[in-house]
Amino acid sequence: MGETGFKSDPVKRFDDLEKSGRLAGLHGVVALRGGRIVFERYFDGNDMTWGRPLGNVRFGPDTLHDIRSVTKSIVGLLYGIALEEGRVPALDEPIIKQFPEYSDLASDPQRRRVTIRHALTMTLAMEWNENAPYTDAANSEIAMEQAQDRYRFILDRPILAEPGRGWIYSGGAVALLGKIIEQGTGQSLPEFASEKLFSPLGIDTIEWIRGQDGKASAASGLRMAPRSLARIGQMILDGGRSDGRSVVPKSWLDQSFQPAAMVDIGWPGMHYGYLWYVGEEAITDRTGTYGERFIAAIGNGGQRLFVFPRFDFVLAIATGNYDSPDQWRAPAALLYEVFLPSLTAT
């Protein structure tokens, strides 16, 4: 199976899994090995965009799809690009300093200790709850979207502990970073992303959903095709380069994928870097069992981007199981029962 990039055929594994009904809601999957597409499938299915029903959609290579919180990881890349250009503050600068209009909040010494690095690692230690459904105002991201001033809403959250100590998943942290990028570059987040990241990667078509205040959602607003998402994964494999030019500084990628916080998302041993998940999978072959490092971006509904550097492998998945308690099942089955066995089994 060398010409396919796999040690054993993933097609039968995939077809058997799909026939079993365990890939319900899958809309698209793209796998790259050695920089080329080695597996690609699309399915028709009901879809939504940020909670708005789209009905039955016929998915194909160019069909845009909500990537939800995978957007956060892309914002992490954008901050690194802007930092390299000297257009945004260094990581240990206080966040509140970047919002001088909230001088009343800046008078709080606790808030002055919260830095940009804390936002990148989601260790702000500020109250934030995204465990409620994303249709419920009890969900902090929804409350942020409904707030009259989203940035004051975020910065005014109660501080629960010393910043940097623990991980609290927070779309608000990423909204702050998006605003800081816009302030530093003088461009909207979609404009800066298109110029500095998407266009250099040959990604010509995206959508970026805006909230009711007209601000592009840094937390969850991107819509992209799985092929485009896979290109981002390939750029990561290539050390931040594409077509011979640097797109994201390699030094930033190296920092981004260093474990900064342990996370509790039901995935043992998972850590968080700069808006990217970093993990290690136990792989067993004829030599024994070893740990295989991977990088991941994860979004509501089953959106996934997996990058396995030593396998030279990228996997992009789009599904429509938004807010479902079982949304993890189809991506997990694809990873563990189709692709990892096809990369390792002989």
Side-chain angles (χ1 to χ4, degrees), residues 31-33 67-81 83-84 91-92 115-125 130 163-171 173-174 177 197 218-220 222 229-241 247-283 289-300 302-317 327-328 331-332 334-336 339-340 343-344:
L32 307 182
R33 188 95 196 270
I67 62 169
R68 298 295 177 99
S69 287
V70 176
T71 306
K72 295 177 171 69
S73 300
I74 292 173
V75 171
L77 301 179
L78 296 177
Y79 201 91
I81 295 170
L83 184 65
E84 175 77 3
L91 302 194
D92 292 321
T115 67
I116 288 163
R117 191 186 306 274
H118 295 140
L120 284 163
T121 57
M122 291 197 188
T123 57
L124 298 170
E130 292 194 35
R165 181 161 295 177
W167 188 78
I168 300 175
Y169 187 76
S170 172
V174 190
L177 294 169
L197 181 62
S220 60
L222 262 171
L229 196 55
R231 288 185 184 183
I232 291 172
Q234 185 62 44
M235 177 271 296
I236 289 170
L237 278 182
D238 293 336
R241 301 183 69 82
V247 179
V248 180
K250 183 178 184 301
S251 59
W252 180 255
L253 295 180
D254 292 342
Q255 293 175 63
S256 295
F257 306 143
Q258 290 298 312
M262 184 169 284
V263 303
D264 181 13
I265 58 169
W267 199 327
M270 186 72 78
H271 290 78
Y272 207 63
Y274 292 168
L275 301 182
W276 288 83
Y277 295 90
V278 183
E280 189 173 69
E281 281 302 330
I283 303 294
T289 300
Y290 62 93
E292 190 64 59
R293 178 174 173 269
F294 70 93
I295 300 148
I298 296 175
N300 184 337
Q303 322 320 315
R304 300 289 188 271
L305 175 62
F306 294 110
V307 179
F308 283 81
R310 284 205 307 179
F311 287 149
D312 197 13
F313 180 70
V314 175
L315 180 64
I317 300 169
Q327 60 185 273
W328 59 273
L334 286 168
L335 181 64
Y336 290 115
F339 292 105
L340 285 183
L343 288 164
T344 59

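Every heavy atom of this structure was used, including side-chain atoms; hydrogens, water molecules and symmetry mates were not. Remember, it's a predicted structure, so these values are computed and weren't measured experimentally.
Nearest heavy-atom pair, Ala261 versus Thr121, reported as atom, atom and distance to 0.1 Å: CB-O, 4.3 Å. The shortest heavy-atom contact between Gly233 and Val307 is CA-CG2, 3.8 Å. Across every non-hydrogen atom of Ala282 and Thr289, the tightest pair is CB-CG2, 4.1 Å. Smallest separation of non-hydrogen atoms from Gly273 and Val278: N-CG2, 4.3 Å. Contact between Ser170 and Glu130 at its shortest, heavy atoms only, is C-OE2, 3.6 Å. Closest approach of Leu315 and Phe313 over heavy atoms only: CB-CE2, 3.8 Å.
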For this session: Using the side chain to side chain contact (heavy atoms under 4.5 Å, CB included) rule, take Phe294 and Phe311 through it: C-alpha gap first, then chi angles, then the decisive distance, then the call.
Result: CA-CA 9 Å; Phe294 70 93; Phe311 287 149; over 6 Å; no

Problem set entry | side chain to side chain contact (heavy atoms under 4.5 Å, CB included) between Leu91 and Thr115, intermediate numbers included | CA-CA 7 Å; Leu91 302 194; Thr115 67; over 6 Å; no

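The CG atom of Leu237 sits 10.0 Å away from atom CZ of Arg33, with the distance rounded to the nearest 0.5 Å. In this structure, OH on Tyr169 lies 9.5 Å from CD1 on Ile265, to the nearest 0.5 angstrom. Here Leu305 contributes atom CG and Ser73 contributes atom OG; the two are 8.0 Å apart, rounded to the nearest 0.5 Å. The distance from atom CD1 of Ile232 to atom CD1 of Ile74, rounded to the nearest 0.5 Å, is 3.5 Å. A distance of 9.0 Å separates CD of Gln258 from OH of Tyr274, quoted to the nearest 0.5 Å. Annotation: the span from Arg304 atom CZ to Ile298 atom CD1 amounts to 5.0 Å, rounded to 0.5 Å.
The shortest distance between side-chain heavy atoms of Ile168 and Leu124 does not fall below 4.5 Å. Counting only heavy atoms from C-beta outward, the side chains of Trp267 and Asp264 never approach each other to under 4.5 Å.
Counted within 6.0 Å of CG on Asp92, heavy atoms from surrounding residues, nucleotides or ligands total more than 12; the atom is thus considered enclosed.
In this structure, the side chain to side chain contact (heavy atoms under 4.5 Å, CB included) partners of Ala219, at least two apart in sequence or on a different chain, are Lys72, Glu141, Ser217. In terms of the side chain to side chain contact (heavy atoms under 4.5 Å, CB included) criterion, residue partners of Arg231 (sequence neighbours excluded) are, by chain and number, Ile203. Shown here are the salt bridge (Lys or Arg N to Asp or Glu O under 4.0 Å) partners of Asp254, two or more places apart in sequence or in another chain: Lys250.
Results of the salt bridge (Lys or Arg N to Asp or Glu O under 4.0 Å) test with Arg310 over Glu280, Glu292, Glu281 single out Glu292 as the only residue that passes.
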